Enquirer: 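One structure follows; several queries about it will come next.
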Amino acid sequence: MAPSMFDTVLVANRGEIAVRIIRTLRRLGITAVAVHTAADADARHVRDADLSLQIPKYLDMEAIVAAAHAAGAQAVHPGYGFLAENAAFARRCAEAGLVFVGPPPEAIEAMGDKIRAKATVSAAGVPVVPGGAEPGDSLASWTDFPALIKPSAGGGGKGMVLVRAAAELPAALESARRTALAAFGDGTLLIERYVADPRHIEIQVLADAHGNAVHLGERECSLQRRHQKIVEEAPSPFVTEETRARMGAAAVEAARAVGYTGAGTVEFIVDGTTGAHHFMEMNTRLQVEHPVTELVTGLDLVELQLRVAAGEPLPFAQDDVRLTGHAAEARVYAEDPARGFLPTGGRILALREPAGAATAEPGVRVDSGVAEGGVVGSEFDPMLAKVIAWAPTREAALRRLDRALADTAVLGVTTNIPFLRALLAHPAVRAGELDTGLVERILPDLVPGTQVPREVLAAAALVFHALPQGGDPWEVTDGWRVGAPAWTTWRLETRDGVHAVQVRGLPHRTAEVRVLGDAAASGVSATDPALSGQPADPPLPARIRQDGSRLAVTLAGRTTHYDRARHGDTLWLGRDGAAWAVTRHLIGDPGDRPGAAGAGDGVVRSPMPGTVLVVKAQAGDRVDEGQPLLIVEAMKMEHTVTAPVAGVVAELPVQAGRPVDMDAVLAVVTPAAVTPAVTPAVTPAGTGEEG
């Protein structure tokens, strides 16, 4: 039965969390209302909702309140991010007669400030890491190293600085304060003793307005990169029943200390050697990783949030909570590990979820905010989806999660799936020997190389061979001759360069392909009759046979790519969670020569889709190699773009404040050795996009 107070709830969020909340609302028979900006009008959460309304931006409190009233909603669920931990928004909802599905604003404020939160829970008997805090303490006189500096008002790892010796402290304090001011508008800092071999373990708590509070066990969140979680699991392979009881009791006391109601998470730093646990902070909202708790407890945390917000008591006590089996979650991001994890973007040409996700099979779950045809831009967090797996044992859960990632295909946008699979396969992860620094230490072993497998080149050549070629047939240098099948030579460009590949048709609708320069590639042949037709939508499952074994390949419909330097068709292929874009160059195209494009050609392309923040050069300027030309921002990440060679800026077709696509031409630097007299050519309104 749905909570008696609500028949309509507005979800003040977007992406995968909005889709996930809407799923529970519809299951409970509650009308789900979505809000969206103009850019998100066709987003997945909008499609899934019963009703949607447009707002100027997701942080516009008044627009959200007005939308809730217009839709007849009684409550607002904030999800996470945006306004989820905004005490002012919680109060504004109450003033407008709307129920905020979350804790009281006083609890949000108490836990939103790290210094205040530590003092509050310490007074309640919860262990905290020894440290000092401004304004009462002089952090410059700290003597216990190594130490960790943190912004008091922030989270997500922003502004955190590890200090190993006293000599590093002044510069570290200055850096952390500068970051804190920029990110949170508050430069107040605290310093703590650095915990050796730290594990990040958090406790899920629930509390109602009737004095009941329970915990739902722990989640291991130690697999992080730059203080951002990557893979989470429940229960922790490190935590014993006794430790779980102690940490759970401490988390419940922390929640009680601030009069908490609803779902929240108390995060602890745990000494990997001694097992001692210390309070870090409390997240006063639903966590990204909440699905692993749901899978091991069998509870729907969103439903429980709604019931508590509607005034109902918790339907169970602490002794009723049971943890069954093991669950693990991996976060799929639109980012490129091979390029320093820079955000990526583009249109999703094809999307395939792992087997079982669509039918809600107990072992596999996908929480996703994207759909085929959707565009991944640079305005929001790059997380596309979460892939979650459950099994009776940890080993089986990790194995099932890896298989689910391998069965996931996202074509059109580069993702971190190969990186996630490499992480899950690492011996330390398999053994449960985790700490928050593990990923950074083993990173070189996890980042995939840029070399494209030869079978991918072979598959692309076979598909291009079967597609209508267009243009003048006399321009196709296919080596045709009387009495024998003809070889056609393709110039295929991938992220690792331009490759020459030959293909020829054989009887019985098969073909032979060879990757030039790689003798071992000879004899790869196509065996699927579908290769003779146009790739379909949804993606065409095709197969090629290599050395006697079968290779599964996923194909997406072609997209046409054109800019000043390149001209051709691009085909995306996916296998085992990885994806590759292969561009077929036309005859006479400047890019159809192997090795034609390189760092020395002076063409500067955007490393990610984003917005040009600052332009530091002008057309006609002489620049040195490595000199900053401009700054591009995407998803809260700034990237300085530098000159690839010394020379003269011949073209600079961008403007500050304008968006750019990934790989868009930002500048052209004519190398100094061949610098001609140039007349600067600037496109004042250009965005770096060619079309």
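Every value quoted in this text rests on a predicted model; they were computed, and no experiment measured them.
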Enquirer: Return the CG to CG distance between Asp208 and Leu314, rounded to the nearest 0.5 Å.
Expert: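 Separation between the atoms: 4.0 Å.
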Enquirer: Any heavy-atom pair between the side chains of Thr297 and Phe316 that's under 4.5 Å?
Expert: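 In short, these two side chains do not touch, never coming nearer than 4.5 Å.
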Enquirer: Between Arg307 and Gln305, do the side chains contain an N or O donor and an N or O acceptor separated by less than 3.5 Å?
Expert: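 There is no such pair between these side chains.
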Enquirer: When you measure from the side chain of Arg331 to the backbone of Lys386, do you find a donor-acceptor pair of N or O atoms at a distance under 3.5 Å?
Expert: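 Checking the backbone N and O of Lys386 against the side chain of Arg331, no donor-acceptor pair under 3.5 Å is found.
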Enquirer: Which value, rounded to the nearest 0.5 Å, describes the distance between Leu295 atom CG and Trp390 atom CH2?
Expert: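 It is 9.0 Å, given to the nearest 0.5 Å.
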Enquirer: With no hydrogens and no angle check, is any side-chain donor or acceptor of Asp576 less than 3.5 Å from a backbone partner on Pro418?
Expert: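 No, Asp576 side chain to Pro418 backbone: no donor-acceptor pair under 3.5 Å.
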Enquirer: Is Lys229 paired with Glu267 through a side-chain N to carboxylate O contact shorter than 4.0 Å?
Expert: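 Between Lys229 and Glu267 there is a salt bridge, with a charged N closer than 4.0 Å to a carboxylate O.
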Enquirer: So do Val292 and Ile388 actually touch side chain to side chain, heavy atoms under 4.5 Å?
Expert: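 With C-beta onward as the side chain, the pair touches.
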Enquirer: Does Pro78 reach the side chain of Leu286, with side-chain heavy atoms less than 4.5 Å apart?
Expert: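 The answer is no, as the side chains (C-beta and beyond) never meet within the 4.5 Å cut-off.
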Enquirer: Parallel, tilted or perpendicular, judged at 30° and 60°: which one describes the rings of Tyr58 and Phe82?
Expert: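 Rings of Tyr58 and Phe82: parallel, as their planes differ by under 30°.
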Enquirer: Identify the heavy atoms of Pro354 and Thr408 that sit nearest to each other, and give their distance.
Expert: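 Taking every non-hydrogen atom into account, CD-OG1, 3.3 Å.
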Enquirer: Dump the intermediate steps for side-chain contact (heavy atoms from CB on, under 4.5 Å) on Arg91 and Glu106, then the final yes or no.
Expert: CA-CA 9 Å; Arg91 288 194 175 95; Glu106 295 77 15; 3.9 Å; yes
Enquirer: As an exercise, state the distance from CG of Leu301 to CG of Leu299, rounded to the nearest 0.5 Å.
Expert: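 Between atom CG of Leu301 and atom CG of Leu299 there are 6.5 Å.
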Enquirer: Can you list the steps and then say if Leu420 with Val231 is a side-chain contact (heavy atoms from CB on, under 4.5 Å)?
Expert: CA-CA 8 Å; Leu420 292 171; Val231 172; 4.2 Å; yes
Enquirer: Can you list everything that forms a side chain to side chain donor-acceptor pair (under 3.5 Å) with Thr120? Sequence neighbours excluded, please.
Expert: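 Thr120 satisfies side chain to side chain donor-acceptor pair (under 3.5 Å) with no other residue.
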Enquirer: State, to 0.1 Å, how close Phe6 and Ala75 come at their nearest heavy-atom pair, and which atoms those are.
Expert: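 Result for this residue pair: CE2-CB, 3.5 Å.
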Enquirer: What are the two closest non-hydrogen atoms of Thr414 and Asp336, and how far apart are they?
Expert: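 In this case the closest contact between Thr414 and Asp336 is CG2-CG, 3.9 Å.
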Enquirer: For Glu253, check side chain to side chain donor-acceptor pair (under 3.5 Å) against everything at least two apart and list the hits.
Expert: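 By the side chain to side chain donor-acceptor pair (under 3.5 Å) rule, Glu253 matches no residue at all.
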Enquirer: Do Arg219 and Thr265 get their side chains close enough for a donor-acceptor pair, meaning under 3.5 Å?
Expert: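 Per modelled atom types, Arg219 and Thr265 side chains form a pair under 3.5 Å.
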Enquirer: Out of curiosity, Phe268 CZ to Glu281 CD, how far, rounded to the nearest 0.5 Å?
Expert: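 If I round to the nearest 0.5 Å, the distance is 11.5 Å.
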Enquirer: So Ile55 and Leu53, do their side chains get closer than 4.5 Å, heavy atoms only?
Expert: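 No; the side chains remain at least 4.5 Å from each other.
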Enquirer: Can you tell me how far apart CZ (Arg27) and CG (Asp300) are? Round to the nearest 0.5 Å.
Expert: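 Those atoms lie 5.0 Å apart.
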Enquirer: Salt bridge or not for Arg26 and Asp50, using N-O below 4.0 Å?
Expert: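 Result for this pair is yes, salt bridge flagged.
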Enquirer: Ser152 and Asp113: which non-hydrogen atoms are nearest, and at how many Å?
Expert: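 Distance-wise, the nearest heavy atoms are OG-OD1, 2.9 Å.
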Enquirer: Verify, without hydrogens or angle tests, whether His290 (side chain) and Gln287 (backbone) share a donor-acceptor contact under 3.5 angstrom.
Expert: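 Flag set: sc His290 to bb Gln287 pair under 3.5 Å.
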Enquirer: I want to check something: taking the side chain as every heavy atom from C-beta on, are Phe419 and Val439 in contact at a cut-off of under 4.5 Å?
Expert: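 Of all side-chain heavy-atom pairs linking Val439 with Phe419, at least one is under 4.5 Å.
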Enquirer: Any side-chain to backbone donor/acceptor pair from Ser368 onto Val370? Under 3.5 Å, distance only.
Expert: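 Yes: the side chain of Ser368 pairs with the backbone of Val370.
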Enquirer: Hey, does the side chain of Arg400 reach the backbone of Val364 with a donor-acceptor pair shorter than 3.5 angstrom?
Expert: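 Answer holds: no.
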Enquirer: Would you sort out whether Leu424 and Leu405 count as a side-chain contact (heavy atoms from CB on, under 4.5 Å), showing the intermediate values?
Expert: CA-CA 10 Å; Leu424 291 173; Leu405 289 168; 3.7 Å; yes
Enquirer: Taking all heavy atoms of Thr570 and all of Ala581, pick out the closest pair and write down the distance.
Expert: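 Nearest heavy atoms, Thr570 then Ala581: CG2-CB, 4.0 Å.
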Enquirer: Could you tell me whether the side chain of Asp320 and the main chain of Ala317 form a donor-acceptor pair under 3.5 Å?
Expert: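 Indeed, once roles are kept as given, a pair shorter than 3.5 Å links the two residues.
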Enquirer: Give a yes or no answer on whether the side chain of His45 reaches the backbone of Val35 with a donor-acceptor pair at less than 3.5 Å.
Expert: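 Pair found, side chain donor or acceptor close to backbone of Val35.
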Enquirer: Is the shortest side-chain heavy-atom distance between Arg244 and Glu218 below 4.5 Å?
Expert: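 They are in contact (side-chain heavy atoms under 4.5 Å apart), so the answer is yes.
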Enquirer: Sequence neighbours excluded and cut-off under 3.5 Å, please list the side-chain donor-acceptor pairs for residues 321-329, or say none.
Expert:
from: Arg322; atom 1: NH1; to: Asp319; atom 2: O; distance (Å): 2.5
from: Arg322; atom 1: NH2; to: Asp319; atom 2: O; distance (Å): 3.4
from: His326; atom 1: NE2; to: Glu233; atom 2: OE1; distance (Å): 2.7

Enquirer: Is a side-chain donor or acceptor of Glu85 paired with a backbone partner of Leu83 at a separation under 3.5 angstrom?
Expert: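 Answer holds: no.
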Enquirer: Measure the shortest side-chain to side-chain distance between Glu335 and Asn416 over non-hydrogen atoms and say whether it is less than 4.5 angstrom.
Expert: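 Side chain of Glu335 against side chain of Asn416, heavy atoms only: contact under 4.5 Å found.
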Enquirer: Could you tell me which residues satisfy side chain to side chain donor-acceptor pair (under 3.5 Å) with Glu220, sequence neighbours excluded, listed by chain and number?
Expert: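 Partners of Glu220 under the side chain to side chain donor-acceptor pair (under 3.5 Å) test: Arg199, Ser222, Ser236.
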Enquirer: Are the side chains of Val121 and Met111 in touch, meaning some heavy atoms are under 4.5 Å apart?
Expert: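 Yes. Closest side-chain heavy atoms under 4.5 Å.
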Enquirer: Any chance you could lay out the side-chain contact (heavy atoms from CB on, under 4.5 Å) test for Val376 and Val413, step after step, and finish with the verdict?
Expert: CA-CA 8 Å; Val376 179; Val413 177; 4.2 Å; yes
Enquirer: Identify the two heavy atoms, one from Val205 and one from Ala251, that lie closest to each other, and give their separation to 0.1 Å.
Expert: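 Heavy-atom minimum between the residues: CG1-CB, 3.7 Å.
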Enquirer: Apply salt bridge (Lys or Arg N to Asp or Glu O under 4.0 Å) to residues Glu294 and Arg20 and explain how you reach the verdict.
Expert: CA-CA 12 Å; Glu294 293 185 324; Arg20 185 265 169 276; 2.7 Å; yes
Enquirer: Check whether Arg44 reaches the backbone of Glu372 with its side chain - one donor and one acceptor, N or O, closer than 3.5 Å.
Expert: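 No, because the side chain of Arg44 does not come within donor-acceptor range (under 3.5 Å) of the backbone of Glu372.
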Enquirer: Looking at CD of Glu303 and CG of Leu25, how far apart are the two atoms once the value is rounded to the nearest 0.5 Å?
Expert: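 Reported value, rounded in 0.5 Å steps: 10.5 Å.
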Enquirer: Any donor and acceptor pair, going by atom type alone, linking the side chain of Arg47 with main-chain N or O of Asp42 inside 3.5 Å?
Expert: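 Judged by distance alone, yes, a pair lies under 3.5 Å.
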Enquirer: Return the set of residues passing salt bridge (Lys or Arg N to Asp or Glu O under 4.0 Å) with Arg92 (not counting sequence neighbours), or none when no residue passes.
Expert: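 Partners of Arg92 under the salt bridge (Lys or Arg N to Asp or Glu O under 4.0 Å) test: Glu62, Glu95.
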Enquirer: Who passes side chain to side chain donor-acceptor pair (under 3.5 Å) against Gln224, sequence neighbours left out?
Expert: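 For Gln224 the side chain to side chain donor-acceptor pair (under 3.5 Å) partners, ignoring immediate neighbours, are His200.
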